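What follows is a short report on a single structure.
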Amino acid sequence: MNLFGRRPLCLFCCIFMLVLLLNWLAYDDQWSPILFFSVAGIALLLTAGLIVFRSCRILLLTVLLCCITVLFSCLYSFCTIVQPQRKAAEYVGEQRAVCYVIEEDRMTEYSSCYLVKVEQIEQNSTEIRAALLCPKGIILSPQDRVAARFVISEGAALQNAGGNSALLTLELAEPSAAYIQRAPSDMGWIETLFSDSGLRIVSNRVRDRIGEQLQIYLGDEKGALANGFLLGDRSDLSSSITRDFRRSGTSHMMAVSGMHISLLLGSLGLLLQKLYVPKKIRCALLSVLAFAFLCLTGFSLSACRSVLMLYAVYLSYLFYEDHDSVTALFVSMVLILLISPWAVTDLGLWMSFLATLGLLTVYSLWEAHVPYPSKQKGIRKKALLVLRTVALLFEMTLVANLFLLPIYQLFFKEISLISLLSNIVLFPLSNLFLVSIPILLLVGAIPILGDGVLMGVRILAEWLLDLIAFFASVPHATLSLRYPFAGWIVLGFTVGMGVLLLVRLRRTWLLALPPALAGVAFLACLGWYLSVYDAPELTYLNDGSQNEWIVLEEKDELSVCDISDGGWRGYAAIDEARDRSVATELYSLFFTHYHRGHTVMLDISLQNLIVRQVCLPSPADREEAEIAKELWDICGQYGVSVIFYEEGEVLSLLDSVGVQACRDTDDGQTAIVLNVAGRRAELTYASPQINDSSMEDFAKRSMCQSKRVLIGCHGQSEEKEIFCGAGFLDNLETVIFSSTSGEAYRFSFLLE
């Protein structure tokens, strides 16, 4: 491939980016200066070598420039990232400060978060970007100033920071004593534009207006989808839709990048060409429109990369006949990192860069091997063109996923398999939907014409949502990368592909070797793993209070038995169990009893996780029936099947694991007995109220048949007495007493 052959600028840009990234990930006060001075010494030796060895002057000069690039990147990282971090850390604690609101980051029913610039801390003038957390009831707007006593801690992650990292997090120490200076309500657009952060404020206002107009036309859900496609604003999308896009491998459709820029500006450029507008005027006009579109996206870093790359291409068109897209890609990335150093922490930017790099290198070579049916005619040619388009979409999706594999491994721990099919199916629909959104904004108010366009956009939105939900719900739509061998395979693939990109290849088919070997190795290791670790495993979780969960895992399937009061803590435990497992979805969520907090837990769980079925006990009274009805309705909203089980009924939660639950509610306390049976091992869980309940005899029989007994802590009683009837100790191996000491507790064993 010889990626940097005859591309010295690409080489220097790559070194700058790589050193900046490594400096951010692994800066060390001891080794970083040693590395810096070592490279500086090598640079001095190379400078001397240029004078002495004239025969290899070009090689020495290239290496010298590489060393200078390393030194510059180290200094730049130290001055723009390390030093500001250290300076900001000096202000941690409770301090008096004055901050200026730049934009809203997120808002919920209970709290809100804003990106602010801290102007003063105690008596010190500063210019530190920070995240301001406000409790319910305090609503701020851009350009508002807040003076108060804050509890200051180190930085926070912001959704809309646009590459400006929040070095500090501010929380109001006394919300009632905060002084808020509101922005002038009569400030015009021009005056706002030339104020501090005015361009961002004005662009956010226009973006909000567009989002509101789309929701008026299409409704909340479809309007949020259209706003996500057009401007990349996903703040109004529900968690379930975001989850479906991620599982179906189509999240890139709502990340404003090269595809959006090419489609929107390419369509406009084609129109201008048909109107016989000169090439230079077209380039200048499209450049202005590209910057305007960039403002509307809130200066999304992936969009910045696309627009800067577009500018590089247009400049080459103006002065040369040809251009190099790879050089434009690297130069655009370096410009972003020079303008906004904290962009090195933006995951979306790196994903956009790697996917684009794959399309410009490997895909461009593979595309040449898909022949164009130039000699065919009529229907046969059209059919072959359709097949060629499908093949190219498959190659494009495959190459993008391969280049993103290291990021999938490091951050998401899963990769979408269904994306190879979903992108082929959704590509024409998504492009048509994207192009139709600005048309709707332009003609939506025109009678008849606007109604026709509106109907078409609504139909496209419905199809997209239905198809994405379908692809996301396909069993095993994603492949887990949490297997212990996955990291080594991904590392080997990354190194192999990187080597092939750097060396000069005479046979381009060798580029298919690393993914092919990685695929074969993964399948072989997966088969070995599933054959060796095929026994079901039980894990008991306790969060230090009276909330408990029993997690069942077999191969790549996961089920959870909930013995908690629900709420956010319940969802956090379920999500932690899934994150520790190799499973990418939840086969069954088993409830042992009813609690009002279960509605919150189930709603959050189904929004963020794929759950195949929910098992509920038959309601014992009117209150339980009401909660069961709410849980049934929530499952219906997300298309999850519901199973109502009777006391003593055995349900199969995994292939070789059955669960039997009984309960007794008396005086507000719920006594629970849960039997979990694997292949040859069983566990009996009993809540501490079991001695005083009608299920005492059932609990005794269950314990006599089990090898392990777990005396839980769910409920109000602290009594934990062991039954010592006849035959109780014959099979018993382990007795475990849970605790509400405040410290989380967990243990695991195999059910074999």
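It should be emphasised that the depicted structure is a prediction, and the values quoted were computed from it without experimental measurement. Residue numbers start at 1 and run along the sequence shown.
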>> Quick one, Phe150 with Leu172, criterion side-chain contact (heavy atoms from CB on, under 4.5 Å). Give me CA distance, side-chain angles, the key distance, then yes/no.
In response: CA-CA 5 Å; Phe150 296 97; Leu172 291 169; 3.2 Å; yes
> Atom CD1 of Ile81 and atom CG of Leu337: how far apart are they, to the nearest 0.5 Å?
Replying inline: 8.5 Å
> Which heavy atom of Leu481 sits nearest a heavy atom of Ala486, and at what distance?
Replying inline: O-CB, 3.5 Å
>> side-chain contact (heavy atoms from CB on, under 4.5 Å) for Leu357 and Phe330? Distances and angles first, verdict last.
In response: CA-CA 9 Å; Leu357 180 63; Phe330 278 90; 4.0 Å; yes
> Is there side-chain contact between Phe403 and Val362, with at least one heavy-atom pair below 4.5 Å?
Replying inline: yes
> For Glu174, what residues pass the salt bridge (Lys or Arg N to Asp or Glu O under 4.0 Å) criterion, not counting sequence neighbours?
Replying inline: none
> Got a donor-acceptor contact below 3.5 angstrom from the Tyr76 side chain to the Leu338 backbone?
Replying inline: yes
> With sequence neighbours left out, what residues match Ser581 under side-chain hydrogen bond (donor to acceptor under 3.5 Å, both in side chains)?
Replying inline: Glu553
>> For the CD atom of Glu171 and the SG atom of Cys134, what is their distance to the nearest 0.5 Å?
In response: 10.0 Å
>> Given 3.5 Å as the limit, does a donor-acceptor pair link the side chain of Thr494 with the main chain of Val490, or not?
In response: yes
> Of all heavy-atom pairs between Val399 and Leu359, which one has the smallest distance, and what is that distance?
Replying inline: CG1-N, 4.2 Å
> Does Tyr91 use its side chain to pair, donor to acceptor, with the backbone of Ile152 at less than 3.5 Å?
Replying inline: no
>> My understanding is that only residues two or more places apart in sequence, or in another chain, count here; which of them pass ring pair (Phe, Tyr, Trp, His ring centres under 6.0 Å) with Phe485?
In response: Tyr483, Phe522
>> Show the nearest heavy-atom pair for residues Leu296 and Arg207, with the distance to one decimal.
In response: O-CD, 3.0 Å
> Taking atom CG of Leu167 and atom CZ of Arg129, what is their separation to the nearest 0.5 Å?
Replying inline: 10.0 Å
> Has the side chain of Trp350 got a donor or acceptor atom that lies under 3.5 Å from a matching backbone atom of Val344?
Replying inline: yes
> Residues in side-chain hydrogen bond (donor to acceptor under 3.5 Å, both in side chains) with Ser416, at least two apart?
Replying inline: none
>> Distance check, rounded to the nearest 0.5 Å: Glu414 atom CD versus Arg246 atom CZ?
In response: 6.0 Å
>> Set out, in order, the CA-CA distance, both residues' side-chain angles and the distance that settles side-chain contact (heavy atoms from CB on, under 4.5 Å) for Thr250 and Asn423, then state yes or no.
In response: CA-CA 7 Å; Thr250 53; Asn423 279 279; 4.2 Å; yes
> Between Pro142 and Ile102, which heavy-atom pair has the shortest distance, and what is it?
Replying inline: CB-O, 3.5 Å
>> Run the salt bridge (Lys or Arg N to Asp or Glu O under 4.0 Å) test against Arg6 and tell me which residues pass, sequence neighbours left out.
In response: none
> Counting only heavy atoms not in Glu127, do more than 12 fall under 6.0 Å of its CD?
Replying inline: no
>> Applying side-chain hydrogen bond (donor to acceptor under 3.5 Å, both in side chains) as the test, list every pair that has at least one member in residues 38-51; sequence neighbours left out.
In response: none
> Glu90 side chain to Val92 main-chain N or O, any donor-acceptor pair under 3.5 Å?
Replying inline: no
>> Any non-hydrogen side-chain atom of Phe36 less than 4.5 Å from a side-chain atom of Leu75?
In response: yes
> For Leu132 and Leu140, what are the C-alpha separation, side-chain angles and deciding distance, and is it a side-chain contact (heavy atoms from CB on, under 4.5 Å)?
Replying inline: CA-CA 10 Å; Leu132 172 62; Leu140 301 174; 3.6 Å; yes
>> Rounded to the nearest 0.5 Å, what separates atom OG1 in Thr397 from atom CG in Leu402?
In response: 10.5 Å
> Is the backbone N or O of Leu308 less than 3.5 Å from a side-chain atom of Ser332, with the two atoms forming a donor-acceptor pair by type?
Replying inline: no
> Ignoring hydrogens and geometry, is there a side-chain-to-backbone donor-acceptor pair from Ser77 to Cys74 under 3.5 Å?
Replying inline: no
> Taking side chain as C-beta onward, heavy atoms only, is Thr584 less than 4.5 Å from Lys413?
Replying inline: no
> Side chain of Ser364, backbone of Leu360: donor and acceptor closer than 3.5 Å?
Replying inline: yes
> How far apart are the closest heavy atoms of Val307 and Ala290, and which atoms are they?
Replying inline: CG2-O, 3.9 Å
> Taking only residues two or more places apart in sequence or in another chain, which ones pass side-chain hydrogen bond (donor to acceptor under 3.5 Å, both in side chains) with Asp575?
Replying inline: Arg578
> Are any non-hydrogen side-chain atoms of Phe293 and Leu231 less than 4.5 angstrom apart?
Replying inline: yes
> What is the ring orientation for Trp568 with Tyr571, classed by angle as parallel under 30°, tilted 30 to 60°, or perpendicular over 60°?
Replying inline: perpendicular
> Can you check whether Leu168's main-chain N or O pairs, donor with acceptor, with Glu154's side chain at less than 3.5 Å?
Replying inline: no
> Is Arg504 atom CZ crowded by more than 12 heavy atoms from other residues, nucleotides or ligands, each under 6.0 Å away?
Replying inline: no
> Under the side-chain hydrogen bond (donor to acceptor under 3.5 Å, both in side chains) test, which residues partner Arg86, sequence neighbours left out?
Replying inline: Asp29
Which donor-acceptor pairs under 3.5 Å do the side chains of residues 60-70 make with protein atoms, sequence neighbours left out?
from  : atom 1 : to    : atom 2 : distance (Å)
Thr62 : OG1    : Ile58 : O      : 2.9
Thr69 : OG1    : Leu65 : O      : 2.8

> Quick one: does Thr126's side chain get under 4.5 Å of Lys117's, heavy atoms only?
Replying inline: no
> Given side chains that start at C-beta, do those of Ile128 and Pro84 come closer than 4.5 Å, heavy atoms only?
Replying inline: no
> Sub-3.5 Å donor-acceptor pair from the side chain of Thr478 to the main-chain atoms of Arg247, do we have one?
Replying inline: no
> If every non-hydrogen atom of Leu349 is compared with every non-hydrogen atom of Ala343, which pair is closest and at what distance?
Replying inline: CD2-O, 3.7 Å
>> Suppose we screen for side chain to side chain contact (heavy atoms under 4.5 Å, CB included). Which residues come up paired with Leu22, at least two apart in sequence or across chains?
In response: Leu18
>> If you define the side chain from C-beta out and look only at heavy atoms, does anything of Phe412 sit under 4.5 Å from Leu347?
In response: yes
> What's the spacing between Leu115 CG and Tyr100 OH if we round to 0.5 Å?
Replying inline: 11.0 Å
> Does Phe245 have any ring pair (Phe, Tyr, Trp, His ring centres under 6.0 Å) partners at least two apart in sequence or in another chain, and if so, which?
Replying inline: none
>> Side chains of Cys304 and Leu294, heavy atoms from C-beta outward: is any pair under 4.5 Å?
In response: yes
> Tell me the side-chain hydrogen bond (donor to acceptor under 3.5 Å, both in side chains) pairs involving residues 7-25, sequence neighbours left out?
Replying inline: Arg7-Asp324
